[in-house]
Amino acid sequence: MTATTATQTPPASLHTPVIGWFDQHARDLPWRRPEAGAWGVMVSEFMLQQTPVNRVLPVYEQWLARWPRPADLAAQPPGEAVRAWGRLGYPRRALRLHGAAQAITERHGGDVPSEHAQLLALPGIGEYTAAAVASFAYRQRHAVLDTNVRRVFARAATGIQYPPNATTAAERKLARALLPDEDEQAARWAAATMELGALVCTAKSEDCTRCPISEQCAWRLAGKPPHQGPPRRGQTYAGTDRQVRGRLLAVLRESVNPVPQSALDAVWEEPVQRARALDGLVADGLVEPLAGGQYRLPLT
DNA sequence: TAGCCGTGGAA
DNA sequence: TTTCCAAGGCT
C-alpha cells in the first residue's frame, strides 16, 4: 500500500457541497437541456471524446438539426457523417456514430438503449460513454470515470496530483464507493464531479479557492505534492501519419465530387508515407477508392 | 497493453 | 516556439 486510498471523511460529506456547487456553477450546455434527449446526449458524448466543449458546440447544433433522430443519420451514407464531423478530429468517431445509429435503428427500434450493456455493445461506446449516456440521459446510477473525474478523485480522495495512465481497478472501486445511493443523486454527482474537474480542478491550473471540497482534499491537505512516476508522453504530431491522414481527409471532406489521385498527392511530398496514410484511411472505411484512381468519402 | 487515431487553443 | 492537453475507444 503506497498511496492512501481511504478518504478521511465519509463519501456522503462530499455529495452535498459538490452537487450544490454544480447547481450554482454548471454551464448551460445544449446536451444538458431536457429537450436534448438520449440521442443528443449520445451525440455530444461521441463528439466530446478528446475534443474540447467549445469546438463541439457549433457542430453539435448542426448535427442535431440535420439528424434529430438516430434513424435520420442511419439513412445517410457514412461519408456524410464524416463530412459533417468537420474538423473535430479523430474522424473514425463519425463513422462509429453512424454505425451506432444504424444499430440503434435496426436493433432498438430507433431509440437509444438505456441499458449499460446494450450501450456498450454499440460501436464507439466504451466503458465511459456507456456510463455517461445511462447516467445523464436515463438518470441511472453508474460510476462515470472520465479524465476529469479521475483527476478530481485522485486529488480529493487519493491525495495525488494525477491519476494513473490507464484506469485501474482501484479507481473503479473508489468511484463506486463514492457514488450516492439514489439514482438521481448519483446522476447529479457524476455530472457535478465531471464539471468540477473541467472548470476548477483542472490539469494544469487548479483553483482551490473556488473548490467546494478544498477543505477535505487529500492532495491539498498534503501540501500538493507534485506528480511522481513516469511522465505522460504526449505523442508528437508533426510528420506523423496522423497529420498526413488529416490533410488527405480534409481534401475529401471539402469536395462534393470524387477527387483525383493528383489532388491527394499535393498534400504531402513523401510518397511512401502518403500512400501508407491513404491505405490506412481506406482500411478504416473513411475513404472509398474508385476506378480510375479517384477517391471519395464512403457511400457505404 | 501500449500505441495509434486529429485538431487547435492556451500557457 | 514548443508543449500540453481536451467528456476515449480500439486493437
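Protein chains get the first letters and strands the later ones, always in sequence-line order, with residue 1 at the start of each.
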Within the 4.0 Å heavy-atom criterion, would you say [X] contacts the bases, only the backbone, or no part of the nucleic acid?
X	result
A:Trp85	nothing
A:Leu29	base
A:Arg27	base
A:Ala132	nothing

Please walk me through it: do A:Arg172 and A:Glu127 pass salt bridge (charged side-chain N to carboxylate O under 4.0 Å, His left out)? CA-CA 11 Å; A:Arg172 294 188 183 90; A:Glu127 179 183 356; 2.9 Å; yes

Note to self: Could you tell me how far C:dA7 sits from B:dA11 if I compare only their P atoms? Round to whole Å.
What the structure shows: 15 Å

_Rounding to an integer number of angstrom, what distance separates C:dG8 and B:dT1 when you compare their C1' atoms?_
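My reading of the C1' atoms in C:dG8 and B:dT1 gives 15 Å.
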
- Is A:Arg253 atom CZ crowded by more than 12 heavy atoms from other residues, nucleotides or ligands, each under 6.0 Å away? yes

Rounded to whole Å, CG of A:Asp146 lies from C1' of C:dC5 at a distance of 14 Å

Heavy-atom contacts, protein to nucleotides 6-11 of chain B, under 4.0 Å, summarised as B (base), S (sugar-phosphate only) or - (none) per nt, yield BBS---

query = A:Trp39 and A:Trp67: aromatic ring centres closer than 6.0 Å?
reply =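 Distance test on ring centres: not under 6.0 Å, no.
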
Sorted by position of nearest nucleotide on DNA chain C, 5' first, the leading residue of A:Leu120 and A:Thr202 is A:Thr202

Exercise. Quick one: which of C:dA7, C:dA6, C:dG8 gets closest to the side chain of A:Thr129?
Worked result: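 For A:Thr129, the side-chain atoms sit closest to C:dG8.
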
Walking DNA chain B from its 5' end, the first of A:Ala166 and A:Thr240 to be reached, judged by nearest nucleotide, is A:Ala166

